[in-house]
Amino acid sequence: MKRRPVFLITMLCFGFAFFYIPILSMIVYSFNGSRLVTVWGGFSTKWYASLFSNRQVLNAAVLSIEIALLSATFATILGTMAGVALARFKRFRGRTLFSGLVTAPLVMPEVITGIASLMLFILMAEYIGWPATRGFTTVTLAHITFCMVFVTTIVHSRLVEADEAIEEAAMDLGSRPWQVMKDITLPVISPAILSGWLLAFTISLDDVVITNFTTGPGTTTLPILIWSKVKLGVTPDINALATITVVIVGLGVFVAGVILNRAEKRRERDMHMAYQANQ
Amino acid sequence: MTRAAFFPRLRHWFNRRGWIKITIATPYVWLALFFLLPFAIVIAMSFATRTPTAPPFSFGGEHPLMNTAHFARLFSDDLYIRAYLNSIGNATVATLLCLLIGYPMALGLTRVSRSWRNVLLMLVILPFWTSFLLRVYAWMGLMGTNSWFNKLLTEAYNFVMPADMALRYIPMMNTGFAVVLVTVYSYLPFMILPLYANLEKLDLSLNEAAMDLGSRPFQVFRDVTLPLSVPGIIAGSLLVFIPASGELIIPSLVGSSSRPMIGRVISDEFASARDWPMASAVAVALLLLLVGPLMAYSYYEGKSHEKPTAGGGN
């Protein structure tokens, strides 16, 4: 007996309407000709023009991207190491504390992480003199720290799912553990490492609260700039900025999804062919 | 040992044991330095005394090392108690609403065809990848007194209600309602994804067996699906409740300034009042309130770190 789950489908429709109506409304109003953000004054792209001629916005965007590239890369290296350590080294001293340390930042209220990091940086500047001022360095250090645990989560769950039999086979054939890690494990989890990097990049690019605490004068990232503008109310050029962000992110997620999907399929096909060849 | 033999020996060490030690130690030391140490500082700071120096604290004075005055103030000052009650109440209501909306959505996702499922999952994740700030901002546009959304709601309200209770617009911005609404909107994917991960793994033949034995669909849900999805419910609820209770952006953009929220209190004590010890004490008290939920979360996460089949999931 197969029945259409009418109630569930209805809830899905309502849920997606709830998700997307605010975003669609924002996109539509970014083409509003009127200065008043709530009254429709005809189609216009002038807010995009004013956005692209705004040096402040462009500088903030470039700074945000620089910080995000740097912190995503370091977060991926550190996060992958932590994921490998948790998934493959079953016992080492302090393992319990370590697994607590990689889960706590995921759910910690950002305000607490923010003031905690800020106090650390102020005390570091006071007592060891580095980093001397707050700005690019401190923001990047804080971003690496809270982005790396997201990479760890992704890499770890991929490693737990991955078949350890191949690694064991390589060991039986005389490979050293390091060779196995380098030649088998890391290539197998490379899609997970890539999606970890992407997640770290977007989280860093998006962060307001922790950046707000750890940044200093002269280092204004894009979210901090938007935050200070939005506090004063709704403005049409932020609608334009939001639309650009949504389009870029949407395309990015779509392209990454397609690439990852293809890589996964190719890997599966290669493994299948290798298996067939050995029969 | 000659100098020439040093690098081969280093490489030998790296290949045998060294790489394992480096893999564990590097992230460990990093997290200890930039995550654990800051927390130790916050806890120590909550027992310090405020001074007008820079940095503005000292551990000397009348109560060396253990100044508990700030914790006493938490209970005597009405502001802090109201802030905790508002924040926890807000996070609780938002979590329940996320569960009420997110559960049927997650269950619905497991019931649609495979190709639809991938598209819909992508659509759940997509808002999560766009800027958090801009998602809050989108609602600011919708809730304003002159927006099409507010006008639509006002029309609907005036249509239903008697004429003498008619409104010109519905006041939504800067209310507790706005904070709950935007919190639900922002955190809903965090509820749906762990629930979906949990529900997807359930064996549908159990449902069929229950149906064959004469259960009605709702009974099957109540007696089979719901009990089996408890780990997903717990993981999703914690992922919403814990960050929502310390939320700073949403209350300061759409909330009312007369309803203090704990995230803002911490931030204001720190930045405006420059009272580090008090800000730390408020933060420590919030952590103590959250310690139960946090432990529960790491317990479930820890279990999933041990074996892949355990609940939770991200």
Side-chain angles (χ1 to χ4, degrees), chain A residues 1 5 8-9 11-12 15-16 19 22-23 25-26 29 37-38 78 81-82 84-86 89 92 98-101 103-105 107 109-112 115-117 119-120 122-123 126 141 145 148 153 157 160-161 176 178 202 206 208-209 223 226-227 230 234 238 242 245-246 249-250 253 257, chain B residues 15 19-20 23-24 26-28 30-31 34-39 41-42 45 55 101 104-105 107-108 111 122-123 126-127 129-134 137-142 144 146-147 211 238-239 242-243 245-246 248-249 253 263 266-267 270 279 283 287 294 297-298 301-302 305 308 314:
Chain A
M1 186 172 82
L8 296 179
I9 304 281
M11 280 306 286
L12 271 180
F16 282 108
F19 271 140
I23 295 175
S25 170
M26 193 164 66
Y29 274 93
V37 282
T38 49
L78 288 165
M81 284 173 141
V84 167
L86 278 175
F89 310 144
F92 55 87
F98 189 53
S99 77
L101 279 180
T103 44
V107 282
E110 281 187 301
V111 198
I112 299 183
I115 63 158
S117 316
M119 283 197 247
L120 173 78
I122 293 178
L123 294 182
E126 186 77 15
L141 288 174
T145 309
M148 68 171 276
T153 311
S157 62
V160 170
E161 281 167 22
R176 282 292 180 75
W178 167 241
T202 46
D206 187 29
V208 189
V209 178
I226 300 175
W227 167 242
V230 164
V234 181
I238 299 288
T245 318
V246 170
V249 169
V253 169
Chain B
N15 284 340
W19 70 278
I20 295 179
T23 308
I24 296 172
T26 317
Y28 211 142
W30 184 280
L31 285 171
F34 290 107
F35 189 74
L36 201 56
L37 180 62
F39 278 93
I41 295 175
V42 171
M45 190 67 68
I101 303 169
M105 285 183 76
L107 196 59
R111 296 287 189 270
M122 183 109 107
L123 285 176
L126 199 61
W129 288 72
T130 63
S131 165
F132 180 83
L133 197 54
L134 292 176
Y137 172 78
W139 275 102
M140 291 172 70
L142 284 188
N146 284 318
S147 71
M211 294 284 248
L238 292 174
L239 276 179
I242 299 171
S245 61
L248 173 67
I249 298 178
L253 286 183
I266 295 176
S267 163
F270 194 86
L287 275 182
L294 274 167
Y297 182 77
S298 17
E301 269 305 297
H305 276 187
N314 287 283

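- The candidate with the highest count of non-hydrogen atom pairs below 4.5 Å against chain A, out of B:Leu238, B:Leu107, B:Ile249, is B:Ile249.
- With contacts defined as side-chain heavy-atom distances shorter than 4.5 Å, the pair B:Leu134/A:Ile238 qualifies.
- If you measure heavy-atom distances from A:Ser157 to chain B, you find no contacts under 4.5 Å at all.
- Here A:Thr145 is the residue among A:Val84, A:Thr145, A:Ile226 with the most heavy-atom pairs under 4.5 Å with chain B.
- Of all the heavy atoms in B:Leu133 and A:Trp227, the pair that sits closest is CD2-N, 3.6 Å.
- Taken from CD1 in A:Ile115 to CD1 in B:Ile266, the straight-line distance is 6.0 Å, to the nearest 0.5 Å.
- The choice from B:Leu31, B:Val42, B:Ile41, B:Leu36 that makes the most heavy-atom pairs within less than 4.5 Å of chain A is B:Leu31.
- Heavy atoms of A:Glu126 lying under 4.5 Å from chain B belong exclusively to its side chain.
- For the pair B:Ile24 and A:Ala85, the tightest heavy-atom approach, listed with the atom from each and the gap, is CG1-CB, 3.9 Å.
- When side chains are defined from C-beta on, A:Pro223 does not count as touching B:Phe132, because their heavy atoms never get closer than 4.5 Å.
- Counting all heavy atoms, side chain and backbone alike, B:Leu142 lies closest to A:Ser25 at CD2-OG, 3.5 Å.
- Relative ring orientation between B:Trp19 and A:Trp178 is described as tilted, the plane-to-plane angle lying within the 30° to 60° band.
- When side chains are defined from C-beta on, A:Phe19 does not count as touching B:Leu123, because their heavy atoms never get closer than 4.5 Å.
- When the candidates B:Gly108, B:Ser267, B:Pro27 are compared by the number of heavy-atom contacts under 4.5 Å with chain A, B:Pro27 comes out ahead.
- Side-chain contact between A:Phe89 and B:Thr23: present, with at least one pair of heavy atoms (C-beta onward) separated by less than 4.5 Å.
- Heavy atoms of A:Phe92 lying under 4.5 Å from chain B belong exclusively to its side chain.
- With rounding to the nearest 0.5 angstrom, the CH2 atom of B:Trp139 is 10.5 Å from the CD1 atom of A:Ile23.
- Contact annotation: the side chain of B:Trp30 approaches that of A:Leu141 to within less than 4.5 Å [non-hydrogen atoms, C-beta and beyond].
- Residues A:Ala116 and B:Phe39 come closest through the heavy atom pair CB-N, 4.5 Å.
- Both the backbone and the side chain of A:Met81 come within contact range of chain B, judged by heavy atoms closer than 4.5 Å.
- Heavy atoms of A:Leu101 lying under 4.5 Å from chain B belong to its backbone as well as its side chain.
- Smallest separation of non-hydrogen atoms from A:Met11 and B:Met105: O-CG, 3.8 Å.
- Per-residue counts of heavy-atom pairs under 4.5 Å with chain B were compared for A:Met119, A:Met148, A:Met26, A:Arg176; the largest is that of A:Met119.
- Among all heavy-atom pairs drawn from A:Pro109 and B:Gly246, the shortest one is CB-CA, 4.0 Å.
- The part of B:Phe270 that comes within reach of chain A is its side chain, from C-beta onward, which places non-hydrogen atoms under 4.5 angstrom from that chain.
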